[in-house]
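Let me begin by presenting the structure, written as structure tokens, before commenting on it.
Both counts, for ligands and for their atoms, begin at 1 and track the order of listing. The shown structure was predicted, so the numbers you read here are calculated from the model rather than taken from an experiment.
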Amino acid sequence: MWSSRIAFIAAATGSAVGLGNIWRFPYITSENGGGAFVLIYLACIALVGLPIMFAEIVIGRRGRMSPINSIRELTTASGASHKWAIIGVMGIVAGFMILSFYSVVAGWTLHYAFHYFQELIGTGASITDPGATFNSLLGNVGELTFWHGLFMVMTMGVVGLGVEKGLERAVSVLMPVLLILLLILLGYGMNTGYFHEAVGFLFKPDWSQVSGSMFVTALGQAFFTLSLGMCAIMTYGAYLPSDVNIPRVGVTVAGADTFVAIVAGLAIFPIIIANNIDPGSGGAGLIFTSLPLAFAEMPFGIFYGMIFFILLSVAAWTSSISLMEPATAYIVEATNLSRKVAALLVAGLGWLLGLASVFSFNLWSEVKIAGKSPMDAIDYVATQIMLPVGGLLIALFAGWVLSSRITREELGEKMPAWAYEAWLWLTRVVTPLLILVVLGGILNLF
Ligand code: PHE
């Protein structure tokens, strides 16, 4: 059981805030042309993310077990089919797939932290051409594999040993520091003279650019960044004390996550524009090729860069723990393996699958799956398809299968009547329809 409301908020925010906000959000916003995409993304957070966030916490807290068994328990209580437990199975698979490439990108972050450390103590060269530095990292299979492996071991350590307590305490200090660093970077961005352009790029919609795939990407990002659709938040909800107000913590977590993404965007895009980089140029390397330009110029930039990438690694760490947790918890429940062995198994397999992402940039750079690199293909299937499908089923389950007596107790008594009605109808009808329309778009049904 979490010791308090704050402990849950720290853990859930730790899960939500990560590479999704600071690496993925800027780069896919860039690839999707800014403004219109950001607004669609924010709409997805409000209309799809928030209702599902509430639903996952309610299911977790009522079930009080790992997702598959929580759902099974709740179906028994409401006389529904046990097949709903497929939500948990899919979540485990999606989490595992995301973990595989997440760890590779977190490895880049660790590498950059180490790079700045070496530069600081005078044993490393400075980054003069960030694009070239990044590309040479991508070409170095050994280096990529090492940092990916190190990050996986770090994640496994926490999940296997269950040292969440210490981590929880560390996180509640380090995450605010990361936010302060982002705000300082934002201040730097404001002084570049290109802040206005950046705001325009991020928030001025060019509706002529809107395409179907933009909706698919925005919806996927809403799930990814809030850690939804794969039962991570549900798992954390299982340890939430009964008297905590779910709507309030849900809004806090989603609000904090969205705030960090927007601040990250506002901090990064002025730097990009000021350095004559096309803000629409995108690419998974976006923050790694743009931020070093700022660190090279700022006072104490080397030190600052080191701390920034260390904290970003920590943010990624607290997210990857929640990616690994559902699969590990399930193996522990379903087999007689110990927690340590289960974590080792998940980490080992995740590391192996992650090699596909490592090789995407070098050995397998010619390999394309439906036009995408192996890493992009894994990301696409997990984030853009599996998370929304999981979310769809979670919404339907919470809206139609869970008795409204339960949701009324868990949510209705904690918020104004209109807000509860709004949640109920969003969850029952609006959210599922929105997800179906977007997924239908993938299949070219419309
Ligand atoms: N939300 C995390 C991030 O933004 C990633 C994540 C996705 C974590 C799904 C858990 C589950 O970085």
Side-chain angles (χ1 to χ4, degrees), residues 9-29 41 44-45 48-50 52-53 56-57 60 67 87-88 90-109 151-152 155 158-159 164 167 171 175 178-179 182 217-237 250 253-265 284 287 311-329 346 350 378-391 394:
I9 292 178
T13 312
S15 166
V17 174
L19 296 172
N21 309 61
I22 295 167
W23 161 71
R24 203 172 190 278
F25 174 71
Y27 110 72
I28 62 173
T29 296
Y41 157 76
C44 289
I45 295 279
V48 180
L50 208 52
I52 294 180
M53 169 85 74
E56 282 206 26
I57 305 176
I87 295 172
M90 270 183 30
I92 287 171
V93 177
F96 175 73
M97 289 168 71
I98 295 174
L99 176 68
S100 77
F101 69 83
Y102 202 87
S103 166
V104 174
V105 178
W108 302 347
T109 317
F151 185 79
M152 203 55 105
T155 305
V158 176
V159 174
E164 280 91 349
L167 197 85
V171 164
M175 287 298 112
L178 176 63
L179 183 62
L182 274 177
T217 313
L219 183 70
Q221 173 65 9
F223 277 102
F224 187 98
T225 192
L226 294 177
S227 305
L228 294 176
M230 56 142 290
C231 309
I233 295 294
M234 194 184 291
T235 307
Y236 282 1
V253 173
D257 185 80
T258 308
F259 182 70
V260 174
I262 298 295
V263 172
I287 64 162
L311 292 181
L312 184 54
S313 309
V314 174
W317 196 13
T318 57
S319 300
S320 65
I321 289 163
S322 69
L323 285 164
M324 194 184 270
E325 178 63 30
T328 310
V346 179
I378 294 171
D379 179 337
Y380 183 84
V381 172
T383 307
Q384 250 99 295
I385 300 178
M386 296 182 74
L387 296 185
V389 171
I394 289 168

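One distance of note links OG1 of Thr155 with CD1 of Ile321; it measures 6.0 Å at 0.5 Å rounding. Rounding to the nearest 0.5 angstrom, the gap separating the CG atom in Leu99 from the CD1 atom in Ile378 is 11.5 Å.
Taking any N or O of Gly20, backbone or side chain, at least one lies under 3.5 Å from an N or O belonging to ligand 1. Any N or O atom pair closer than 3.5 Å counts here, and Thr225 shares at least one such pair with ligand 1. The shortest N or O to N or O distance between Ser15 and ligand 1 is under 3.5 Å. Of the N or O atoms in Ala232, none lie within a sub-3.5 Å distance of an N or O in ligand 1.
Counting protein heavy atoms only, atom 12 (O) of ligand 1 is closest to Tyr102 OH, 2.5 Å. Protein heavy atom at the shortest distance from atom 8 (C) of ligand 1 is Ser227 OG, 3.3 Å. Nearest to atom 7 (C) of ligand 1 among the protein's heavy atoms is Phe224 O, 3.3 Å.
Only the backbone of Ala16 comes within 4.0 Å of ligand 1, judged by heavy-atom distances. At a 4.0 Å heavy-atom cut-off, ligand 1 touches Met230 through the side chain alone.
Ligand 1 has no atom lying under 4.0 Å from any heavy atom of Phe223.
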Exercise for review: Give the intermediate values and the outcome of side-chain hydrogen bond (donor to acceptor under 3.5 Å, both in side chains) for residues Ser15 and Ser227.
Suggested key: CA-CA 7 Å; Ser15 166; Ser227 305; 2.8 Å; yes
Exercise for review: Please test Ile57 against Tyr236 for side chain to side chain contact (heavy atoms under 4.5 Å, CB included), starting from the C-alpha separation and ending with a verdict.
Suggested key: CA-CA 8 Å; Ile57 305 176; Tyr236 282 1; over 6 Å; no
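Between Arg24 and Thr225, the closest side-chain pair of non-hydrogen atoms is not below 4.5 Å. With contacts defined as side-chain heavy-atom distances shorter than 4.5 Å, the pair Leu226/Ile45 qualifies. Residues Thr13 and Met175 are not in side-chain contact: their nearest non-hydrogen atoms beyond the backbone lie 4.5 Å or more apart. Looking at Thr235 and Glu56, their side chains never come closer than 4.5 Å, going by heavy atoms from C-beta outward.
Interface atoms of ligand 1 facing Ser322, defined by a heavy-atom separation under 4.0 Å, are 8 (C), 10 (C). For ligand 1, the atoms lying closer than 4.0 Å to a non-hydrogen atom of Leu19 are 12 (O).
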